[in-house]
Protein chains: 2
Amino acid sequence: MAQDGAVTEAPPDVRADTRARIQQAALELFARTGFEQVTADEIADAAGISRRTFFRCFATKADAVWGEFGAHVDRLERLLAATRDDQPVLASICAAYVEVNDYAAEDLPILRQRMALILGEPALQAHSQVRYADVDRVVAEHVARRTGQAPDALLPRLVATSTRAAATTAFEVWLADGTTTLAAALHAAFEQLALGFPGLRTPPARP
Amino acid sequence: MAQDGAVTEAPPDVRADTRARIQQAALELFARTGFEQVTADEIADAAGISRRTFFRCFATKADAVWGEFGAHVDRLERLLAATRDDQPVLASICAAYVEVNDYAAEDLPILRQRMALILGEPALQAHSQVRYADVDRVVAEHVARRTGQAPDALLPRLVATSTRAAATTAFEVWLADGTTTLAAALHAAFEQLALGFPGLRTPPARP
DNA sequence: TGCCGGGTGGCACTCGGTGTCACTAACGTG
DNA sequence: CACGTTAGTGACACCGAGTGCCACCCGGCA
């Protein structure tokens, strides 16, 4: 089925192709009906494959939403490794986050769909913690290199988790707002973080 | 079975009693064999109840580890509500976190066991995100009150997520270290956060 | 005595995820 | 051409987390 042509398409990885088809089908079903409501069989049917094949391409239903997130983490790691030492640490992390999330305009709708699911569906929120752990590890190692501390010391860990918190918060406001760009939201969040939340020190007014 | 005595023990809530027994049994099994390795039937057997009753007392295997976390969130909310307005916002949040996590010395071993599981077992890390969401909501509402912003604006959300990141990081170093107190770790993390990570601005030395 | 309500156990069921095996198509080599 | 190899696949059985349902037991109450 769907064996379109025989020589028209070069078959580099059959696997990567089915992965993409599954992802697309899953994302659409999730967006329409909700993550928990969609069963693995339904995704398999929609993608024209068997349930078993689905779980061979994605270890988890949730992984079908995250897509090629591992590649993003690798890219983040490379960007951080290429950082110049005279740049402030937080600025280098912010720049890396912005760069990694610099999507082309035509990819933004899919990104919105994906992030709305990840940030909105409880089951996906839960799963995200595991993926974030990889990000945190990469960032913590970067901070450790820059400060000469151990990667599991307080400061590297803290910088990693709070910058990631800033990034996800930026994603949330970007998703909810719709008028600002993702880069602007990221910069705003990192600025608050780097300056110790100056926004907290200016209450309405203090008599 | 285990119907010890008839009048010796006043039965205020049968449910709360079995909850406690289940929790104890589950925590011990998890600590010994690992969270994923222990089956719900085994916990039920160890606690002397049926599998069905286990899932009536705890909606999830993970919930047996978290115990009465909802009560902690409620307490955090009350503490934040009772905050004086002339105290800096971050300081009030830090104080509330310290207060909520001010365990008696005899409870520390159980706390260590519990937190080692929550922070170490991937399945529990994932589940934790859902519980943290409640904490974040409470803190964000506090910040929103103090700053006059909407609870879902950037700053309240950001402060909530990054202070919670600071708290969990403090828990991690406290757990790994063993020499510092939890309160000290929390204060150290919040201080870094409030001052914009001064530790980042003093690299080994800059020639 | 009979009724009632909460805690319980047993059972069947759904669904996510895994291990295993057989099948098929593509490929290189004799 | 026949052959073995390999990757991708589908079918099936299986495990474990949860859930819905019903029957049971027991203490309280009219």
Side-chain angles (χ1 to χ4, degrees), chain A residues 1-23 25-26 29-30 33-66 117 121-127 130, chain B residues 1-23 25-26 29-30 33-66 117 121-127 130:
Chain A
M1 67 204 73
Q3 197 69 19
D4 47 336
V7 215
T8 62
E9 272 290 285
D13 312 51
V14 191
R15 192 62 158 271
D17 185 44
T18 56
R19 261 183 80 95
R21 279 218 319 281
I22 295 172
Q23 235 178 99
L29 286 176
F30 291 157
T33 328
F35 180 78
E36 314 239 33
Q37 270 58 47
V38 179
T39 198
D41 290 273
E42 297 176 290
I43 305 173
D45 284 354
I49 48 143
S50 83
R51 172 186 149 82
R52 193 63 187 85
T53 296
F54 171 80
F55 281 115
R56 256 190 288 258
C57 291
F58 295 98
T60 309
K61 243 174 64 176
D63 285 311
V65 179
W66 282 86
L117 284 168
E121 293 272 0
L124 288 171
Q125 288 175 29
H127 184 78
V130 181
Chain B
M1 68 203 75
Q3 197 69 18
D4 47 335
V7 214
T8 62
E9 272 287 287
D13 312 53
V14 193
R15 192 61 158 271
D17 186 43
T18 57
R19 259 184 81 95
R21 281 218 319 281
I22 294 172
Q23 234 178 101
L29 286 176
F30 291 156
T33 327
F35 180 77
E36 315 238 34
Q37 271 58 48
V38 180
T39 199
D41 290 274
E42 296 176 289
I43 305 173
D45 284 354
I49 49 143
S50 83
R51 172 188 150 79
R52 193 62 189 86
T53 296
F54 172 81
F55 281 114
R56 255 191 289 258
C57 291
F58 295 98
T60 306
K61 243 175 63 175
D63 285 312
V65 178
W66 283 85
L117 283 169
E121 294 272 359
L124 288 171
Q125 289 175 30
H127 183 79
V130 181

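Excluded from the calculations below are hydrogen atoms, water molecules and symmetry mates; all remaining heavy atoms, backbone and side chain alike, are included. Convention: sequence-line order gives letters A, B, ...; per-chain numbering from 1. Just so it is clear, the structure is predicted and the values come from calculations on it, not from any experiment.
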Legend entry - Interatomic distance, B/Thr39 atom OG1 to B/Lys61 atom NZ [nearest 0.5 angstrom]: 6.5 Å

Legend entry - Value in whole Å for how far the C1' atom of D/dG18 lies from CD of A/Glu36: 12 Å

Inset, instruction - Would you name the heavy atoms of A/Ser50 and A/Ala44 that are closest together and state the gap between them? - result: C-CB, 3.7 Å

Inset, instruction - May I ask you to verify if any side-chain N or O of A/Thr39 is less than 4.0 angstrom from the OP1 or OP2 atom of C/dG16? - result: yes

Inset, instruction - For DNA chain C, write out the stems as range with range, using runs of 3 or more consecutive Watson-Crick or G-U pairs with both distances under 3.5 Å. - result: C:1-30 with D:1-30

Inset, instruction - Drop me the distance from A/Gln23's CD to A/Phe30's CZ, to the nearest 0.5 angstrom. - result: 10.5 Å

Legend entry - Gap between atom CG of A/Asp63 and atom NE2 of A/His127 - 0.5 Å precision: 4.0 Å

Legend entry - Short side-chain N/O contact from B/Thr53 to OP1 or OP2 of C/dT8, under 4.0 Å: no

Legend entry - Distance, nearest 0.5 Å, that separates CD1 of B/Ile49 from CD1 of B/Ile22: 3.5 Å

Inset, instruction - On DNA chain C, check which nucleotide each of A/Arg52 and A/Phe35 is closest to and give me the residue with the more 5' one. - result: A/Phe35

Legend entry - DNA chain D contacts among residues 54-63 of chain B, heavy-atom distance under 4.0 Å: B/Phe55, B/Ala59, B/Thr60, B/Lys61

Legend entry - Distance in angstrom units between B/Asp45 CG and C/dT8 C1', rounded: 15 Å

Inset, instruction - State, to 0.1 Å, how close B/Ala26 and B/Ala64 come at their nearest heavy-atom pair, and which atoms those are. - result: CB-CB, 4.0 Å

Legend entry - Distance, nearest 0.5 Å, that separates CZ of B/Phe54 from CG of B/Asp45: 12.0 Å

Inset, instruction - Take A/Val65 and A/Glu121 through the test side chain to side chain contact (heavy atoms under 4.5 Å, CB included) and record every step on the way to the result. - result: CA-CA 11 Å; A/Val65 179; A/Glu121 293 272 0; over 6 Å; no

Legend entry - Nearest heavy-atom neighbours spanning B/Val38 and B/Ile43: CG1-CG1, 3.6 Å

Any protein N or O atoms within reach of nucleotides 5-7 of chain D? Criterion: under 3.5 Å, listing atom names and distances.
none

Inset, instruction - Check B/Ala40 against B/Arg51 and note the closest heavy-atom contact, atom names and distance. - result: CB-NH1, 3.9 Å

Legend entry - Spacing of B/Arg51 atom CZ relative to C/dC11 atom C1', expressed in whole Å: 11 Å

Inset, instruction - Send over the distance from A/Asp41 CG to C/dC15 C1', rounded to a whole Å. - result: 8 Å

